[in-house]
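Ligands are counted one by one from 1 in listed order, and the atoms in each one are counted from 1 as well. Each residue takes its place number in the sequence, starting with 1.
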Amino acid sequence: MKTEILSGEQAIKKGAEIVRAGGVVAFPTETVYGLAANAYNPDAVRAVFAAKGRPMDNPLIVHLADKNLISTVTSGFDKKYNALVNAFMPGPLTLVVPRCKDIPDEVTAGLDTVGVRVPSDPMCRAFLAACGVPVAAPSANLSTRISPTSASHVYEDMNGRIPLIIDGGESNVGIESTVLDITGDAPVILRPGAVTAEMIAGVLGGEVKSHSGKVLAAAPAPGMKYKHYAPSCECVVAESISSAVQCYNEEKKKGCDPIILCRSRNAPLLGDCRFMALGEDDAQVCRNIYSALHKAEKIADFIICEDLGASGVAASVMNRVNKAAGGKRV
Ligand code: AMP
Ligand code: MG
């Protein structure tokens with residue numbers, strides 16, 4: 001199959017036609033690029049899993065053009081959570097809610113809940129509106145590979161597997177959405193993202209539990225057992241800039257060709273080490289992290305990423321980097 005990359009109106013029109021006819025296309029969102037299928041069409045949804053090489057027990061997120069449509073995919077949720085819809089939708093927040101019967105098992109991996117998101121990216125919203133159906137989508141990478149934040153990232157993994165990539169430029173947020181389960185008494189973050197626990201608690205009051213908290217210890221979130229975001233070369237997290245430099249020198253001695261990923265302000269501390277600066281504030285670091293990993297795995301054979309912090313959006317970025325590193329620290 002030939003994979004076309006198109007942008008603008010033409011891309012939206014053609015992409016929506018393919019989705020309505022039961023096909024799969026890649027599309028831009030503000031988080032990362034997705035692989036779209038008509039959520040009402042089980043065969044189309046199966047084709048997404050096939051294109052990605054993803055296990056069928058890892059559910060997809062249903063994407064909607066407008067928050068007014070949320071009621072069409074859920075059988076309802078506690079009114080107290082409407083405040084989250086008002087505060088963070090459209091945006092990088094996925095709500096896990098009780099599913100409505102029209103959404104097939106293929107989308108939800110047989111769960112009685114469904115993940116719902118209303119993206120904010122204007123091109124994405126135009127595409128979703130043109131599709132005219134809820135769009136089930138995972139990230140547009142091969143399973144276990146780094147998520148794509150540009151059309152060319154998607155092309156690397158999906159060339160020959162899908163007919164069309166809708167090019168909307170670089171994803172503005174840069175990591176996947178926050179996934180928040182609101183089916184219980186207290187909200188539980190299943191996957192951290194740009195909408196942080198602090199922001200959610202600020203809107204709702206009360207507690208926001210993390211997946212490592214009590215609630216999830218009893219029932220791990222689907223999807224969490226799979227390895228994600230693995231670059232093709234080894235990757236480690238460095239506790240400090242000095243441990244990054246030490247690790248760099250050791251890898252050099254072994255004949256490796258390492259690279260350090262760090263905040264821009266720390267670059268002057270790296271001496272002669274080769275590095276990529278991720279930017280200064282958390283939003284920049286978040287926007288750049290996947291691009292940096294994509295590039296680093298091509299130009300180096302060992303990636304050392306500075307520990308970028310444990311609070312706010314930096315913690316969400318580190319969630320991805322720690323997965324890329326398989327938990328390895330130096
Ligand atoms: P991806 O599309 O690759 O960003 O992955 C979507 C992720 O959303 C999955 O790996 C799940 O962790 C999460 N997710 C989607 N739907 C549900 C659901 N109904 N319950 C729990 N987690 C979900
Ligand atoms: Mg993914």
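- Close contacts of ligand 1 with Leu190, meaning ligand atoms under 4.0 Å from a residue heavy atom, involve 21 (C), 22 (N).
- Other residues, nucleotides and ligands place more than 12 heavy atoms under 6.0 Å from the CD atom of Gln284.
- Near Leu111, meaning under 4.0 Å from one of its heavy atoms, ligand 1 places the atoms 18 (C), 19 (N), 20 (N).
- Counted by atom type alone, Arg191 and Ser177 present one or more donor-acceptor pairs between their side chains at under 3.5 Å.
- Close approach of ligand 1 to Gly115 (heavy-atom distance below 4.0 Å) involves ligand atoms 16 (N), 19 (N).
- Under a 4.0 Å criterion applied to the non-hydrogen atoms of Val96, ligand 1 contributes the atoms 18 (C), 19 (N), 20 (N), 21 (C).
- Each of the following atoms of ligand 1 lies closer than 4.0 Å to a heavy atom of Ala137: 2 (O).
- Under 2.8 Å from the Mg ion (ligand 2) lies no N/O/S atom of Ser147, from backbone or side chain alike.
- Annotation: Lys80, atom NZ; neighbour count of heavy atoms from other residues, nucleotides and ligands within 6.0 Å is above 12.
- Side-chain contact between Ile182 and Asp78 is absent, with no heavy atoms from C-beta onward closer than 4.5 Å.
- Of all the heavy atoms of Arg117, none lies under 4.0 Å from any atom of ligand 1, so neither backbone nor side chain is involved.
- Surrounding CG of Asp272 are at most 12 heavy atoms belonging to other residues, nucleotides or ligands under 6.0 Å away.
- Residue-ligand proximity, Leu60 to ligand 1, at heavy-atom distances under 4.0 Å covers atoms 15 (C), 16 (N).
- Interatomic distance, NZ of Lys67 versus CE of Met89, reported as 9.0 Å (0.5 Å rounding).
- The option from Arg99, Arg54, Glu176 that lies nearest to atom 5 (O) of ligand 1, judged by heavy atoms, is Arg54.
- Residues Thr178 and Val195 share a closest heavy-atom pair of OG1-O, 2.7 Å.
- Contact annotation for Arg191 and ligand 1: only side-chain heavy atoms (C-beta onward) come within less than 4.0 Å of the ligand.
- Annotation for ligand 1: atoms under 4.0 Å from non-hydrogen atoms of Thr113 are 18 (C), 19 (N), 20 (N).
- Counted within 6.0 Å of CD on Glu198, heavy atoms from surrounding residues, nucleotides or ligands total more than 12; the atom is thus considered enclosed.
- Residue-ligand proximity, Val114 to ligand 1, at heavy-atom distances under 4.0 Å covers atoms 19 (N).
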